[in-house]
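These numbers were taken from a predicted model, which means no experiment stands behind them.
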Amino acid sequence: MKNTLIAWLFCLPFASCTSPVTQMDLSGQWTVCLDSTDVGMDASFGGKLFDTSITLPGTTDEARLGTKCTLKPALEKPQLLHLTRAYSYVGPAWYSREIQVPSDWKEKDCILHLERVLWDTQVWIDGQKVEGHEESLTTPHEYDLTPYIQPGKKHVLTVRVDNRKRYDMSVNDLAHAYTDATQVKWNGILGDMYIKAVEKTRVESLLLYPDAASRTVKAVVSVYNSSSQTAPVNLSLQVKEKDDSKSYASVEAQAEAVKGYSTVELTCQLGDNAPLWDEFNPYLYDASVELVSGKSTSLTTETFGLRDIRHEGNKLVMNEKPIFLRGTLECCIFPLTGTPPTDEASWEKLYASAREYGMNHLRFHSWCPPEAAFNVADEMGMYLEIECSSWANQSTTIGDGGDLDCFIWEESERIVREFGNHPSFCMMMYGNEPAGKGSNAYLTNFVTTWKERDARRLYCSGAGWPNLPVNDFLSDSNPRIQAWGQGVKSIINAQAPRTDYDWSEYIGRFQQPMVSHEIGQWCVYPNFKVMAKYDGVMRPRNFEIFQETLAENGMAHLADSFLLASGKLQALCYKADIEAALRTKDFGGFQLLGLSDFPGQGTALVGVLDAFWEEKGYIRPEEYRRFCNSTVPLLRLPKLIYTNQETVKGSLEVAHFGAAPLEVTSTAWTLKTKEGKTIASGKLAHQPVGIGNCIPLGQLEIPLDKVDVPSCLTLEAILGDYANSWHIWVYPAAVQKVADEAQLLMTDRLDAKALQRLQEGGNVLLSLRKGSLPAEVGGSYSRKYAQDQCYCLLLCPLPDRTLESTCRHFSLCLGRYTG
């Protein structure tokens with residue numbers, strides 16, 4: 001039970017004070033023993049080193065231990081294809097090494113720190129088991145070694161890591177905290193590994209609660225006293241600019257620290273002009289608490305930012321300004337290692353790629369990243385949504401009294417305690433797409449409790465659903481241009497092209513901000529050049545099968561063309577999805593699946609970036625930012641296809657969620673041919689642009705009588721430094737005769753007539769109806785993610801190609817991901 005410290009507070013001038021933590025690095029060579037039969041360990045077994053060497057931090061996959069993969073996935077089940085572990089091991093593994101802590105640590109407590117482990121750990125010293133075990137999938141595992149070691153003497157430290165599943169927390173083990181679909185079910189230890197020497201009376205944790213409106217920060221200091229005697233302590237809280245000498249405030253307290261845990265609160269006033277944190281100005285502070293007890297000193301420093309994220313009705317607000325989340329999923333996809341990186345350089349690369357494509361937000365789907373991800377997000381001003389490691393659906397549920405219910409609560413508490421000070425940690429959920437008879441009641445309690453306990457972020461029940469009244473915001477999959485199960489009945493399949501739709505009617509049914517869930521999901525053909533990048537623990541067996549299938553059907557030489565054509569279409573589909581979200585008044589934002597490829601649950605090549613967050617070659621970041629950015633000019637037109645006797649009538653508007661209002665007072669527009677010839681142009685005068693969306697820029701009225709041949713025209717709008725463009729198709733009103741029309745046969749089946757036309761050298765436009773393909777050539781495959789409910793193939797007389805070979809290729813390369 002925690003005690004409350006009685007503290008006397010008074011202001012002090014700021015002073016620099018450092019007391020570096022003494023610690024012994026444990027990275028390097030260990031020995032390892034795989035215990036696949038779970039024999040266990042007795043005292044004699046635990047007091048010696050093993051025979052096999054391994055480098056830690058690291059995994060058994062990286063050490064090439066376990067079962068080597070020699071078989072390819074079954075070609076008969078392409079919907080199950082995904083990346084394959086080169087070496088796989090699931091079970092207990094024992095890691096051992098000699099340690100000798102310095103002799104001058106005799107008056108200290110010795111704490112073992114292991115940054116990230118999957119899943120359960122236990123520890124032995126010289127064969128004697130250390131009290132307790134840890135099972136967090138996200139936060140460090142720590143053990144108090146003080147009673148078991150003698151400073152100055154050599155000991156054998158043994159860590160047992162068991163990566164077997166402890167709780168059934170997701171459908172088919174698909175939660176990205178524990179899965180082989182994205183990260184692998186690795187065994188090992190990642191990140192920082194050390195034994196630290198700490199004072200008997202010390203600051204155990206420091207939680208910071210900034211208030212942007214009052215420019216204050218409240219520090220909740222947890223003091224731990226491992227001795228049996230009550231100790232008088234002096235506490236000093238100092239706040240300064242991160243990595244700089246500029247100081248803001250200092251407060252001191254005196255208290256009595258009883259045995260065990262106690263808490264004290266300190267509050268600092270930072271000044272009226274203290275900078276705030278957001279995506280445009282990620283200003284950071286360091287808060288240091290120094291504890292002096294007798295001759296010992298303990299110092300703890302935490303980084304924070306002054307920011308306030310909340311909702312006003314159906315608007316998301318950051319520091320009193322509306323924000324729009326332009327987000328993508330991060331599903332723990334790191335193909336070289338199969339593990340999340342714990343170094344900041346890796347996260348800098350990932351976030352930089354996201355920023356290049358206009359993103360300001362990442363959702364961590366059913367997992368929580370390591371400390372380095374938060375550190376870099378703090379520095380770069382990225383908004384993060386964290387989930388508590390679960391995807392309770394179908395094979396498992398939440399809220400029904402199972403072990404998972406407790407684990408989610410405990411994991412959420414560990415996550416907030418460990419990462420809660422980071423300003424980038426803006427949102428939290430239980431996890432993804434929940435199910436269970438008691439799930440709504442459980443999630444209502446989850447959200448309510450966390451809102452009462454910690455107002456530093458926004459809370460939602462789960463990704464995708466349910467839309468509970470208690471939620472700070474809603475995650476909903478309905479606002480999208482291709483809803484689940486719509487097939488050819490969606491906006492982009494059943495309706496003529498237009499740009500005047502939005503989601504206002506749907507979101508108007510709710511009182512909270514809404515963020516669209518996993519929109520996009522537009523698949524492209526494989527980029528086989530990416531296979532060369534897989535030189536780590538994962539093997540692209542799926543790509544090998546796709547490549548072999550192309551070659552077997554005589555189309556290997558078309559691979560790049562397929563990628564380019566499908567990629568250009570994919571980019572247009574994402575443009576339509578994102579612009580619809582930006583056109584929706586007071587919409588909260590979107591979360592794509594995804595900006596990068598998703599190799600889970602099959603092979604979902606849904607990204608304009610590959611699984612390494614690198615370009616595929618068909619859309620540059622500056623092109624993507626035209627429609628995905630803090631400021632985006634938008635077009636509302638009821639249609640995009642015209643005759644040359646019609647007039648384009650519509651309006652231009654802008655979604656502007658920048659750092660400040662735009663002083664630009666006019667928008668230029670042009671209508672050009674693909675050769676660059678200007679058909680029409682103009683300038684629209686308007687007021688300066690404030691923060692928000694659906695801000696009018698002016699009306700358009702463009703006659704098309706100057707277009708005398710079928711044309712694809714480009715309408716471009718330029719607002720200061722920002723521009724966007726759209727295609728408009730114009731045809732002569734008079735029907736023109738098509739040259740060689742007799743040589744083109746349009747049909748929905750490859751019958752004798754069509755084959756005869758091909759043999760005579762003619763062309764066939766084959767438009768296959770849904771359900772027309774037999775199951776053995778792909779007719780039974782679901783295409784929810786590729787969104788291709790019908791095929792349209794232009795067949796021309798090439799040697800050695802049949803409908804069966806063509807359709808087999810298409811069924812494998814379109815819509816592999818079944819969802």
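Taking the centre and axis of the six-membered ring of Y357, the NZ or CZ atom of R625 falls outside the cone set by 45° and 6.0 Å. The cationic group of K568 does not satisfy the cation-pi geometry with Y618, failing either the under 6.0 Å distance to the six-membered ring centre or the 45° limit from the ring axis.
Across L190, I189, L137, a single residue satisfies side chain to side chain contact (heavy atoms under 4.5 Å, CB included) together with L118, and that is L137. The residue from L605, D597, D610 that alone fulfils the side chain to side chain contact (heavy atoms under 4.5 Å, CB included) condition with V530 is D610.
With hydrogens and angles ignored, the 3.5 Å screen pairs a side-chain donor or acceptor of Y459 with a backbone N or O of D454. In this structure, Q183 contributes its side chain and H176 its backbone to a donor-acceptor pair below 3.5 Å. A donor-acceptor distance shorter than 3.5 angstrom exists from the side chain of K616 to the backbone of G607, with no hydrogens or angles considered. The main-chain N or O of E135 is found under 3.5 Å from a side-chain atom of W119 such that the two form a donor-acceptor pair. Between the side chain of E134 and the main chain of H141, no donor-acceptor pair closer than 3.5 Å is present. Proximity of a side-chain donor or acceptor of S630 to a complementary backbone N or O of F657 within less than 3.5 Å is not detected.
In this structure the side chain of C331 never reaches within 4.5 angstrom of the side chain of F364, judged on heavy atoms. When side chains are defined from C-beta on, P369 counts as touching I386, because their heavy atoms get closer than 4.5 Å. Here the side chains of P621 and E615 are in contact, with some heavy-atom distance below 4.5 Å. In this structure the side chain of Y624 reaches within 4.5 angstrom of the side chain of L595, judged on heavy atoms. Within the 4.5 Å cutoff, no side-chain heavy atoms of K240 are placed close to those of K246. Side-chain contact between M382 and L362 is present, with heavy atoms from C-beta onward closer than 4.5 Å.
With no hydrogens or angles considered, a side-chain donor-acceptor pair links D476 and Y506 at under 3.5 Å. Checked by atom type, the side-chain pair Q521/Q482 shows no donor-acceptor distance below 3.5 Å. Defined by atom type and a distance below 3.5 Å, a donor-acceptor pair is present between the side-chain atoms of E279 and Y383. In this structure, a donor-acceptor pair under 3.5 Å is absent between the side chains of T179 and D173. Side-chain contact check for N319 and R310: no donor-acceptor pair (N or O, by modelled atom type) lies under 3.5 Å. Judged purely by distance below 3.5 Å, without hydrogens or angles, the side chains of D286 and T301 never pair a donor atom with an acceptor atom. No side-chain donor from either of W367 and T138 sits under 3.5 Å from a side-chain acceptor of the other. With hydrogens and angles left out, the side-chain atoms of R417 and S205 include no donor and acceptor closer than 3.5 Å. No hydrogens or angles considered: nothing links the side chains of D211 and T216 as a donor-acceptor pair under 3.5 Å. A donor-acceptor contact closer than 3.5 angstrom links the side chains of E411 and S136. Judged by distance alone, the side chains of D577 and W522 do bring a donor and an acceptor atom under 3.5 Å apart. Between D502 and S504, the side chains place a donor N or O and an acceptor N or O closer than 3.5 Å (distance only, hydrogens not considered). For the residue pair E433 and N393, no side-chain donor N or O sits within less than 3.5 Å of a side-chain acceptor on the partner. Of the N and O atoms on the side chains of N471 and Q512, not one donor lies less than 3.5 Å from an acceptor on the other residue. Between R456 and N421, the side chains place a donor N or O and an acceptor N or O closer than 3.5 Å (distance only, hydrogens not considered).
Between Y534 and F612, the distance separating the two ring centers is shorter than 6.0 angstrom.
The CG atom of L206 sits 7.5 Å away from the CG atom of L237 when rounded to the nearest 0.5 Å. Distance check, rounded to the nearest 0.5 Å: CG of N478 to CD1 of I519 gives 12.5 Å. For the atom pair SG of C388 and OH of Y430, the computed distance is 10.0 Å after rounding to the nearest 0.5 Å. The CE atom of M514 sits 10.0 Å away from atom SG of C460, with the distance rounded to the nearest 0.5 Å. With values rounded to the nearest 0.5 angstrom, S412 atom OG is found 14.5 Å from M429 atom CE. A distance of 10.5 Å separates CD in E387 from CE in M428, rounded to the nearest 0.5 Å.
We find that E413 and R453 are joined by a salt bridge, their nearest charged nitrogen and carboxylate oxygen being less than 4.0 Å apart. Checked for salt-bridge contact, E579 and K575 meet the test: a charged N lies under 4.0 Å from a carboxylate O. A salt bridge between E518 and R363 is present, with a side-chain N of the basic residue lying under 4.0 Å from a carboxylate O of the acidic one. We find that K315 and E312 are not joined by a salt bridge, their nearest charged nitrogen and carboxylate oxygen being 4.0 Å or further apart.
For R116, the salt bridge (Lys or Arg N to Asp or Glu O under 4.0 Å) test picks out no residue, with sequence neighbours left out.
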The test is ring pair (Phe, Tyr, Trp, His ring centres under 6.0 Å); show your working for F598 and H365 and say whether it passes.
CA-CA 12 Å; F598 177 47; H365 180 318; 7.1 Å; no
Where do E356 and R620 land on the salt bridge (Lys or Arg N to Asp or Glu O under 4.0 Å) test, with the steps shown first?
CA-CA 9 Å; E356 277 193 314; R620 298 187 304 275; over 6 Å; no
Between M427 and R457, does a side-chain contact (heavy atoms from CB on, under 4.5 Å) hold up when you go through it step by step?
CA-CA 5 Å; M427 290 155 280; R457 62 195 61 84; 5.7 Å; no
Chi angles and distances behind the salt bridge (Lys or Arg N to Asp or Glu O under 4.0 Å) call for K349, E614:
CA-CA 10 Å; K349 175 186 174 184; E614 296 172 350; 2.8 Å; yes
Does the side-chain contact (heavy atoms from CB on, under 4.5 Å) test come out yes or no for I309 and L316, once each step is laid out?
CA-CA 7 Å; I309 186 169; L316 288 175; 5.7 Å; no
Could you please spell out the steps behind the side-chain contact (heavy atoms from CB on, under 4.5 Å) verdict for R215 and Q269?
CA-CA 6 Å; R215 298 300 204 272; Q269 175 69 52; 3.8 Å; yes
Could you go through H656 and L719, starting from their C-alpha distance and side-chain angles, then the distance that decides it, and tell me whether this counts as side-chain contact (heavy atoms from CB on, under 4.5 Å)?
CA-CA 11 Å; H656 175 61; L719 174 67; over 6 Å; no
Could you walk me through whether W409 and F446 pass the ring pair (Phe, Tyr, Trp, His ring centres under 6.0 Å) test, one step at a time?
CA-CA 8 Å; W409 269 113; F446 181 87; 5.2 Å; yes
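Using cut-offs of 30° and 60° for the angle between ring planes, the Y351 and W347 rings count as tilted. Classification of the F324-F587 ring pair by plane angle, with boundaries at 30° and 60°, yields tilted. By the 30° and 60° cut-offs, the orientation of the rings of F374 relative to F425 is tilted.
The environment of K533 atom NZ is dense: over 12 non-hydrogen atoms of other residues, nucleotides or ligands sit within 6.0 angstrom. Residue K451 qualifies as enclosed at atom NZ: its count of foreign heavy atoms under 6.0 Å is above 12.
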